[in-house]
Protein chains: 2
Amino acid sequence: MEQRKKHASGCPIAYTMNLFGDRWSLLIVRDLMFLNRRTYGELAQCPEGIATNILADRLKQLESAGIIRKSRNLHNRRSYNYALTAKGCDLIPMFMEIMIWGARYDSQTRISAALIERITTDREAFISEIRSRFLES
Amino acid sequence: MEQRKKHASGCPIAYTMNLFGDRWSLLIVRDLMFLNRRTYGELAQCPEGIATNILADRLKQLESAGIIRKSRNLHNRRSYNYALTAKGCDLIPMFMEIMIWGARYDSQTRISAALIERITTDREAFISEIRSRFLES
């Protein structure tokens, strides 16, 4: 019911925020997108300290939203790798803008001015580089 | 404690998401940014149906985060107008990317393809137009 009501507005911003639900999903996508984490174990090392039940739940949500996909690890058949789908890769520009804004206003930011400069001036190349880690060209 | 831990990562994406806290704050900024809502009464008409206690709380949070500012209504001294600050206006590119992604993937989107086309091809002009509603040039 709540779900339907939220979605009924037809607003693309509400749609996006509704899919993410909370900031943990965004941080998991960040870890896949920029920190090259691929396994459950690596994602559990989220710098903000994610609880394992939240991680498992958000991975399922992101998978059912079509933003990430899960595949068996080639070297360990009991383990899985996670990756962004094409739909997930289309979030790269949004994450770049979140990053640029945060870096500008957070006095304690740990991101280098050089990286922000590169993202800003070499936007398309940066997007292509991240995409190529997940999608065949 | 939780607040400190979340912030301690130094990640600009975590910083931004931490400031917003939840999707209601994002929807309030959307209403100011794109729907020209300026008063408490107008913001209470949020299409997704915001509760008044949540609205009041998030307005305070956004004001203390320096994203919005409150000023007395010139025509009714007992009422206030809300507007984006320069820091709030710097969120326009992020909101545009959230909008573009949502419009692309939401089959029930109500946003026109023409608007998305304009945002994509005429990015800087669109940003300037929204900024000019809040900031003197």
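By convention in this document, chain letters (A, B, ...) are assigned in the order of the sequence lines, proteins followed by strands, and residues within each chain are numbered from 1.
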Hey, could you give me the [atom1]/[atom2] distance between [X] and [Y], rounded to the nearest 0.5 Å?
X       : Y        : atom1 : atom2 : value
A:Ile13 : B:Asp106 : CD1   : CG    : 12.0 Å
B:Thr16 : A:Arg104 : OG1   : CZ    : 10.5 Å
B:Ile98 : A:Met17  : CD1   : CE    : 4.0 Å

Review point. Does some side-chain heavy atom of A:Trp101 sit less than 4.5 Å from a side-chain heavy atom of B:Leu19?
Key: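 Yes, at least one pair of side-chain atoms sits under 4.5 Å.
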Heaviest contributor of heavy-atom pairs below 4.5 Å to chain B, chosen from A:Pro12, A:Cys46, A:Ala103, is A:Pro12
Residue set satisfying salt bridge (charged side-chain N to carboxylate O under 4.0 Å, His left out) with A:Arg58, at least two apart, ordered chain then number -> A:Asp22
- Query: Between B:Glu97 and A:Met94, which heavy-atom pair has the shortest distance, and what is it?
  - Reply: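 Shortest heavy-atom separation between B:Glu97 and A:Met94 comes out as CB-CA, 3.5 Å.
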Exercise. Would you say the side-chain atoms of A:Tyr15 pair up with the backbone N or O of B:Ser107, donor to acceptor, closer than 3.5 Å?
Worked result: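 Checked: no pair found.
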Residues of residues 69-93 of chain B with a heavy atom under 4.5 Å from any heavy atom of chain A, in residue-number order, are B:Ala86, B:Lys87, B:Asp90, B:Leu91, B:Pro93
Sorted by chain and number, sequence neighbours left out, side-chain hydrogen bond (donor to acceptor under 3.5 Å, both in side chains) with A:Asp122 holds for none
Honestly, the part of B:Leu115 sitting under 4.5 Å from a heavy atom of chain A is neither
Would you tabulate the side-chain donor-acceptor contacts of residues 30-43 of chain B under 3.5 Å, counting partners in other chains and residues two or more places apart, or write 'none'?
unit_1	atom_1	unit_2	atom_2	d
B:Arg30	NH1	B:Glu48	OE1	3.3
B:Arg30	NH1	B:Glu48	OE2	3.0
B:Arg30	NH2	B:Glu48	OE1	2.7
B:Asn36	OD1	B:Arg133	NH1	3.4
B:Arg37	NH1	B:Gln45	O	3.0
B:Arg38	NH1	B:Leu32	O	3.0
B:Thr39	OG1	B:Glu42	N	3.1
B:Tyr40	OH	B:Thr52	O	3.1
B:Glu42	OE1	B:Arg38	N	2.6
B:Glu42	OE1	B:Thr39	N	3.3

